[in-house]
Amino acid sequence: MPVLVVGSVAFDSIKTPDGEAQEILGGAATYFAITASYFSQVRIVAVVGDDFGPEQLKAFEGRPIDTAGLERASGRTFRWSGEYHGDMNEAQTLDTQLNVFASFAPKLPKEYLDTGFVFLANIQPALQLQVREQLPSARLVGLDTMNYWIQRTPGELSQALARVDLMIINDKEARMLAGMDNLPRAAAAIRKMGPRTLVIKRGEYGACLFQDDCIFFAPGYPLEEIRDPTGAGDTFAGGFMGYLSRAGEASLPNLRRALVYGSVMASFAVEEFGLARLLKLTPAEIENRFHEFRRMTHFDA
Ligand code: AMP
């Protein structure tokens with residue numbers, strides 16, 4: 001089953017203790033789409049400017065990614081620049097330029113309207129909501145956001161949250177959104193805002209899932225070297241949603257496996273700069289790391 005994503009397609013400039021890169025292809029929807037394409041068909045909804053050429057498009061080609069919903073507008077593509085020092089779990093944003101996203105009004109191609117699994121990746125909540133409203137019969141709609149939108153557009157964000165089934169967010173932003181430090185309490189408060197299911201990403205410490213009375217944890221994969229954490233959260237979401245759409249149903253056992261696939265994919269993303277590692281993954285590498293996770297976490301009660 002296909003999964004649809006709306007979110008940023010960007011040029012990123014990144015500095016980490018390991019090196020730096022200028023204006024490389026990034027964006028939440030990009031990381032999500034490439035990752036989810038290892039599991040299922042992907043439909044992308046985003047906008048790029050006239051500085052986005054065949055070179056960038058190559059990242060999507062040869063994969064099951066439908067770019068009919070990738071609109072081209074005149075102007076500059078979204079740009080983000082960030083830096084990591086010390087704590088590799090958190091980027092310091094140096095600059096965000098919405099550019100063509102500032103006036104984007106997403107119109108879904110007709111053939112996208114039957115999509116069952118939808119992910120509203122990080123972008124203006126108003127755009128997330130516009131896409132959500134065009135898919136009234138979607139079976140599972142997930143949403144991610146970040147401090148930038150929690151602080152700037154809280155009203156729009158709460159409208160979008162009221163219309164989704166699942167939220168995927170990092171721990172710091174979950175605390176900010178809920179206005180409380182204790183994570184289980186913050187989770188309960190966020191679930192009251194709309195989503196029945198909540199996934200809180202905790203960087204290298206893994207992720208946890210809250211649904212009704214169930215709590216499930218997956219650790220982060222223990223890597224000796226992290227070169228560039230950019231996109232890890234979107235990659236996590238791509239693995240999570242990609243696996244669910246391949247499985248076809250968001251049952252609790254599938255949600256638990258999806259959490260592990262999300263962690264597996266994120267662990268690959270950080271091994272190299274930008275999209276480099278994700279672009280050359282093989283299905284066998286993904287399955288091997290999934291089974292390693294199983295071995296590392298299995299115990300008899
Ligand atoms: P992550 O490291 O998973 O949080 O995601 C980083 C990616 O999100 C980068 O590729 C950025 O281009 C993109 N990004 C950063 N800030 C924003 C924002 N305010 N809205 C949408 N996308 C963003």
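All of these numbers come straight from a predicted model, not from anything done at the bench. Both ligands and their constituent atoms are indexed starting at 1 by order of listing.
- Residue pairs satisfying the side chain to side chain donor-acceptor pair (under 3.5 Å) criterion with at least one member in residues 179-194, sequence neighbours excluded, are listed as follows: R191-D212.
- Below 4.0 Å from some heavy atom of A10 lie the following atoms of ligand 1, by number and element: 12 (O).
- Summarising the contacts of atom 20 (N) of ligand 1 with W80, W149, Y148, the nearest heavy atom is found in W149.
- Note on residues 226-246: pairs passing side chain to side chain donor-acceptor pair (under 3.5 Å), not counting sequence neighbours, are D18-R227, S40-S245, Y84-T230, D228-T230, Y243-R257.
- For ligand 1, the atoms lying closer than 4.0 Å to a non-hydrogen atom of G231 are 1 (P), 2 (O), 3 (O), 5 (O), 6 (C).
- A side-chain donor from one of N89 and E204 sits under 3.5 Å from a side-chain acceptor of the other.
- A salt bridge between E285 and R277 is present, with a side-chain N of the basic residue lying under 4.0 Å from a carboxylate O of the acidic one.
- Below 4.0 Å from some heavy atom of M146 lie the following atoms of ligand 1, by number and element: 16 (N), 17 (C), 18 (C), 19 (N).
- Judged by the 6.0 Å distance and 45° axis criteria, R289 is positioned over the aromatic ring of Y221.
- Atoms of ligand 1 lying under 4.0 Å from at least one heavy atom of G233, given by number and element, are 3 (O).
- Look at E249 and R139 and you find no salt bridge, because none of the NZ, NE, NH1 or NH2 atoms lies under 4.0 Å from a carboxylate O.
- Heavy-atom separations between F101 and ligand 1 are all 4.0 Å or longer.
- Only side-chain heavy atoms of D12 come within less than 4.0 Å of ligand 1; its backbone N, CA, C and O stay farther off.
- Distances from atom 21 (C) of ligand 1 to the heavy atoms of N122, N89, L25, T30 put N122 nearest.
- For an aromatic pair to be called close, the ring centres must be under 6.0 Å apart, and F290 with Y261 satisfies this.
- A heavy-atom separation below 4.0 Å is not found between F236 and ligand 1.
- For A91, no heavy-atom contact with ligand 1 is shorter than 4.0 Å.
- Taking the six-membered ring where the residue is Trp, F60 and F52 present parallel rings, their angle staying beneath 30° rather than reaching 60°.
- Here the shortest heavy-atom distance to atom 7 (C) of ligand 1, taken over D234, T77, D228, V270, belongs to D234.
- Proximity of F11 to ligand 1 is not established, as no heavy-atom distance is less than 4.0 Å.
- For ligand 1, the atoms sitting less than 4.0 Å from at least one non-hydrogen atom of S8 are 13 (C), 21 (C), 22 (N), 23 (C), numbered in the order shown with element in parentheses.
- Under 4.0 Å is where a charged nitrogen must lie from a carboxylate oxygen, and between R79 and D12 no such pair does.
- The atoms of ligand 1 that sit less than 4.0 Å from any heavy atom of G27 are 9 (C), 10 (O), 12 (O).
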